[in-house]
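I have placed the structure first, in the form of structure tokens, so that the comments after it can refer back to it.
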Amino acid sequence: MRPEEVDTVLERMAHDDAWPPTPPIAASVRKRVERRPQPTFHPRRTRTSARGWRRTFVAAAATALALTVALSISGTVRTAVADLLGVVGIRIGFSYDGDVSPRPHRSIRLGKPVSQATASHLAGFDIRVPTHLAGPPSFHYTSDVGVGGMVSVAYPRSATRLSEVDVLVTEFAASVDDVYLDKQTNARTAIKFVSVGAEEGYWLSGAPHILYKVDSDGAIHKETVRLAGNVLLWEEGGITYRIEGAPTLAEAMRIARSLR
Amino acid sequence: MDGQLLGDDELIQRVKKGDAHAYEELVQRYQDAAYRTAYLVTGSTAEAEDAAQEGFVKAYYAIDGFRSDGSFRPWLLAIVANEARTRMRSVGRREALELRLAENPPERSAAPSPEEEALARAEARRVAHALSRLSADDRLIIGYRYFLELSEKETAVALGIRLGTVKSRLSRALARLRQVIEKDERS
């Protein structure tokens, strides 16, 4: 078979007769979802149309500039909102097509510094720490993310400069009805489905994405808008985990597997 | 339903309000694409059926986060493909199974002679056999573009890759496919 003939054969194989017949799936799926209805739809999401999200993004980008998070967006903000994914408590939006050039420094507001024991007490669950990373880390608590607040486990480059964080592990208990963190990615951010142990998650890599907190009305917490680098996200046992700053997916996985 | 063909956006809005019948309509619309995506990954009709069904169920519970803009299909296929990969990993079958495409000869524009029909079937089997020896990523990008006829943008969303890399990845996958076919023919 000549190489150019492969294309022709592939095109012929698109024909229905070339495939095993599709089994009847629709009725089975309907019966399954009827047995377990969707979670109650949160009002703030109904108010957030695709158009609204575009406005939200523009507002986020403007805020980011004002906060000198140093976005330089070239090109036009694309109107299409291609996709929306996420894990419990965190929403991933794919909203614009432009170049984002972050400055090396990122301003991160992690909340008040606490001990690991206090962090676990305040959050209401046992905070897990990656044994793969050399410590000691610092623990920070903020009450405005998650059901009982969010704990950040930070591994700073310098003990005196928490704005420069090598790796950040955040953990919070989330309700399936609520979104606390929004991520707005662009076309240069790759979003990959991954498995973290038995759980499904996402690996966001490439161009940094915009991260910010939203309140119960869907409004942005302006002071929280910042750029985030590579991130691994997943939910496990009712806790949403987020590892930011690992250079590769393999390294992020090693950190995730070492959580104790 | 209302006796009229509703668009995806309208169906999705109904699903978001808890209309399971609207979701059944969406499933019927995309079950071929979902099943074939799962089959490309698993090479097993039974695993593909389970993965497609489970993918649809997961998509239903995740649909609250989907923003309607006509890109439901790649969003769904990404979930189904991930489910298919997970199932393959869980049963410990990392090796690609034999894709059994083209058991029936595809129709052609002019009535083929028995010889042409036999040749077409043999060619399709060779290509399917070669495909089954590629990685799941390669099978998916070839499948999305040739078999499911996804656009480049849809392919990028379905694979979770950047739009700008679709062409180069497809080109590399096709090159590997041709290499496998050539190797088969030499042996």
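Values below: every heavy atom of this structure, side chains too, minus hydrogens, waters and symmetry copies. Throughout, protein chains are lettered first and strands after them, A, B, ... in sequence-line order, and every chain is numbered starting at 1. Because the structure is a prediction, the values reported are computed rather than measured.
- Your options are B:Arg145, B:Glu149, B:Arg126, and the one with the most heavy-atom pairs under 4.5 Å with chain A is B:Arg126.
- Each of B:Glu25, B:Arg14, B:Gln13 was evaluated against B:Leu6; a single residue qualifies, B:Arg14, per the side chain to side chain contact (heavy atoms under 4.5 Å, CB included) test.
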Test log, rule salt bridge (Lys or Arg N to Asp or Glu O under 4.0 Å), inputs A:Glu200 and B:Lys58: CA-CA 11 Å; A:Glu200 294 173 4; B:Lys58 288 188 174 177; 2.8 Å; yes

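- In this structure, CZ in B:Phe56 is found 6.0 Å from OH in B:Tyr23, a value given to the nearest 0.5 Å.
- Heavy-atom distances place the side chain of B:Ile142, and not its backbone, under 4.5 Å from chain A.
- For the side-chain contact (heavy atoms from CB on, under 4.5 Å) test, residues two or more places apart in sequence or in another chain that qualify with A:Ala256 are A:Val196, A:Leu232, A:Trp234, A:Ile243.
- Counting heavy-atom pairs closer than 4.5 Å to chain A, the top-ranked of the candidates B:Arg29, B:Arg36, B:Gln31, B:Glu83 is B:Arg36.
- Remark: A:Arg257 engages A:Met253, A:Arg254 in a side-chain contact (heavy atoms from CB on, under 4.5 Å) (not counting sequence neighbours).
- Residues satisfying the side-chain hydrogen bond (donor to acceptor under 3.5 Å, both in side chains) criterion with B:Lys167, sequence neighbours excluded, are absent altogether.
- At least one donor-acceptor pair closer than 3.5 Å links the side chain of B:Arg139 to the backbone N or O of B:Leu134.
- Both the backbone and the side chain of B:Glu24 come within less than 4.5 Å of a heavy atom of chain A.
- For B:Glu54, the parts sitting under 4.5 Å from any heavy atom of chain A are the backbone and the side chain alike.
- Using a 4.5 Å heavy-atom cut-off against chain A, the contacting residues of residues 169-177 of chain B are B:Leu174, B:Leu177.
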Salt bridge (Lys or Arg N to Asp or Glu O under 4.0 Å) assessment of B:Arg178 paired with A:Asp7: CA-CA 10 Å; B:Arg178 292 183 184 115; A:Asp7 274 14; 3.2 Å; yes

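- Here B:Ala78 is the residue among B:Ala52, B:Ala156, B:Ala81, B:Ala78 with the most heavy-atom pairs under 4.5 Å with chain A.
- Using the six-membered ring where Trp is involved, B:Trp75 and B:Phe72 have ring planes that are tilted, between 30° and 60° apart.
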